[in-house]
Amino acid sequence: MRKINSICIIDDDPITVFGIKKILGLVVVCDMVSTYANGKLAIDGIKKALEEDQMVPEVIFLDINMPIMDGWQFLEEFITLQMEQTVRINIVTSSIDSVDREKWEYFKSKSQHVITFNNKPIKKNDIALITKVA
């Protein structure tokens, strides 16, 4: 099994969070899995980690439809953070709206990070492919 130091799940749906965590346990070894119910909590946690010279997630699973701060707003802030590390950001959504794919393409082109677009439900084979460190 592959080893990853830190994974972050940003999703307001506890069933999705549970499912991703369960499948992660089958495909990777991870020292730390953090979860946030919205983008605001996540960006604040990541900023704090950077300020304190702590580890930021190597892999992020990001829902786009959440209250308070959605996934797109999270990405707007995240891509401006000063960090040397390249993070793999996996957008995981039930959206079939072409506008969301266009936004994904935009963020993908504006960022040093690896950003993928994945539809829910996410399966074991999908997670095995998208948990590779960027």
Side-chain angles (χ1 to χ4, degrees):
M1 259 197 268
R2 227 167 328 136
K3 180 160 180 359
I4 297 175
N5 294 318
S6 177
I7 294 174
C8 177
I9 304 168
I10 308 167
D11 199 313
D12 63 326
D13 177 19
I15 294 170
T16 298
V17 171
F18 175 81
I20 291 173
K21 286 172 89 172
K22 191 80 166 163
I23 296 170
L24 282 171
L26 300 172
V27 297
V28 297
V29 174
C30 183
D31 291 337
M32 186 172 93
V33 177
S34 54
T35 61
Y36 299 97
N38 65 62
K40 176 75 171 121
L41 294 171
I43 200 73
D44 290 347
I46 292 169
K47 284 179 179 178
K48 184 177 181 203
L50 285 169
E51 289 168 6
E52 297 174 356
D53 288 328
Q54 295 178 355
M55 184 181 354
V56 296
E58 294 173 287
V59 177
I60 295 174
F61 290 88
L62 177 65
D63 186 23
I64 55 175
N65 295 312
M66 296 176 287
I68 302 170
M69 177 186 273
D70 68 22
W72 301 126
Q73 293 165 322
F74 169 84
L75 279 174
E76 281 177 28
E77 282 201 45
F78 186 82
I79 65 173
T80 66
L81 297 177
Q82 298 298 313
M83 67 176 78
E84 293 178 25
Q85 176 183 339
T86 300
V87 177
R88 176 178 292 274
I89 303 167
N90 300 298
I91 296 169
V92 181
T93 183
S94 56
S95 174
I96 57 169
D97 190 341
S98 63
V99 171
D100 287 329
R101 286 210 175 256
E102 290 169 14
K103 286 181 181 179
W104 163 58
E105 291 288 346
Y106 168 79
F107 282 108
K108 204 166 70 161
S109 71
K110 296 291 182 196
S111 177
Q112 73 180 24
H113 304 290
V114 176
I115 305 174
T116 64
F117 193 93
N118 309 274
N119 287 105
K120 289 181 182 177
I122 197 95
K123 297 177 179 81
K124 181 181 174 184
N125 290 342
D126 299 328
I127 288 185
L129 291 174
I130 63 177
T131 52
K132 296 180 176 136
V133 176

List the atom of Tyr36, the atom of Gly45, and the distance in Å for their closest heavy-atom pair. OH-CA, 3.8 Å
Among side-chain atoms of Asp97 and Ser95, is any donor-acceptor pair under 3.5 angstrom? no
What is the ring orientation for Phe107 with Trp72, classed by angle as parallel under 30°, tilted 30 to 60°, or perpendicular over 60°? parallel
For the residue pair Pro57 and Ile46, what are the closest heavy atoms and their distance? CD-CG1, 4.1 Å
Tell me whether Tyr106 is reachable from Trp104 by hopping between hydrophobic residues (I, L, V, M, F, W, Y) whose side-chain heavy atoms are closer than 4.5 Å. yes
Please evaluate residues Leu24 and Ile4 with respect to the criterion side-chain contact (heavy atoms from CB on, under 4.5 Å), reporting the C-alpha separation (whole Å), side-chain torsions for both, the decisive distance (0.1 Å), and the verdict. CA-CA 10 Å; Leu24 282 171; Ile4 297 175; over 6 Å; no
Side-chain heavy atoms of Val59 within contact of Val28, under 4.5 Å: no
Please name the pair of heavy atoms, one in Val87 and one in His113, separated by the smallest distance, quoted to 0.1 Å. N-ND1, 2.9 Å
The test is side-chain contact (heavy atoms from CB on, under 4.5 Å); show your working for Lys47 and Glu77 and say whether it passes. CA-CA 10 Å; Lys47 284 179 179 178; Glu77 282 201 45; 2.8 Å; yes
Look up atom OG1 in Thr86 and atom CD in Glu58, then write down how far apart they are to the nearest 0.5 Å. 11.0 Å
Is Lys103 paired with Asp70 through a side-chain N to carboxylate O contact shorter than 4.0 Å? no
Over all atoms of both residues, closest heavy-atom pair of Pro67 and Asp12: CD-OD2, 3.4 Å
Interatomic spacing from CZ in Phe117 to CD1 in Ile130 - rounded to 0.5 Å: 12.0 Å
Tell me, with the steps shown, if Thr16 and Phe61 meet side-chain contact (heavy atoms from CB on, under 4.5 Å). CA-CA 10 Å; Thr16 298; Phe61 290 88; over 6 Å; no
NZ of Lys21 to CD1 of Ile127, rounded to nearest 0.5 Å, is 12.5 Å
Measuring from Asn118:CG to Thr93:OG1, what's the distance to the nearest 0.5 Å? 10.0 Å
Can you tell me which residue pairs pass the salt bridge (charged side-chain N to carboxylate O under 4.0 Å, His left out) test with a partner in residues 28-46, sequence neighbours excluded? Lys3-Asp31, Lys40-Asp44
Spacing of CD1 belonging to Ile89 relative to CZ belonging to Phe78, to within rounding of 0.5 Å: 4.5 Å
Using 4.0 Å as the upper bound for N to carboxylate O, is an ion pair formed by Glu105 and Lys108? yes
Any non-hydrogen side-chain atom of Val92 less than 4.5 Å from a side-chain atom of Asp11? no
Measure across Val27 and Ala128 and return the closest heavy-atom pair with its distance rounded to 0.1 Å. CG1-CB, 4.1 Å
Would you please test Phe18 and Ile20 for side-chain contact (heavy atoms from CB on, under 4.5 Å) and show each step? CA-CA 6 Å; Phe18 175 81; Ile20 291 173; over 6 Å; no
Atom pair NZ (Lys120) and CG (Asn65), whose distance is rounded to the nearest 0.5 Å: 8.0 Å
Over all atoms of both residues, closest heavy-atom pair of Met83 and Gln112: O-NE2, 3.3 Å
Identify the residue among Ile91, Thr35, Asp63, Ile60 that makes a side-chain contact (heavy atoms from CB on, under 4.5 Å) with Ile10. Ile60
With the side chain counted from C-beta on, respond yes when Val56 and Leu81 share a heavy-atom pair under 4.5 Å apart, and no when they do not. no
Applying side-chain hydrogen bond (donor to acceptor under 3.5 Å, both in side chains) to Ser6 and not counting sequence neighbours gives none
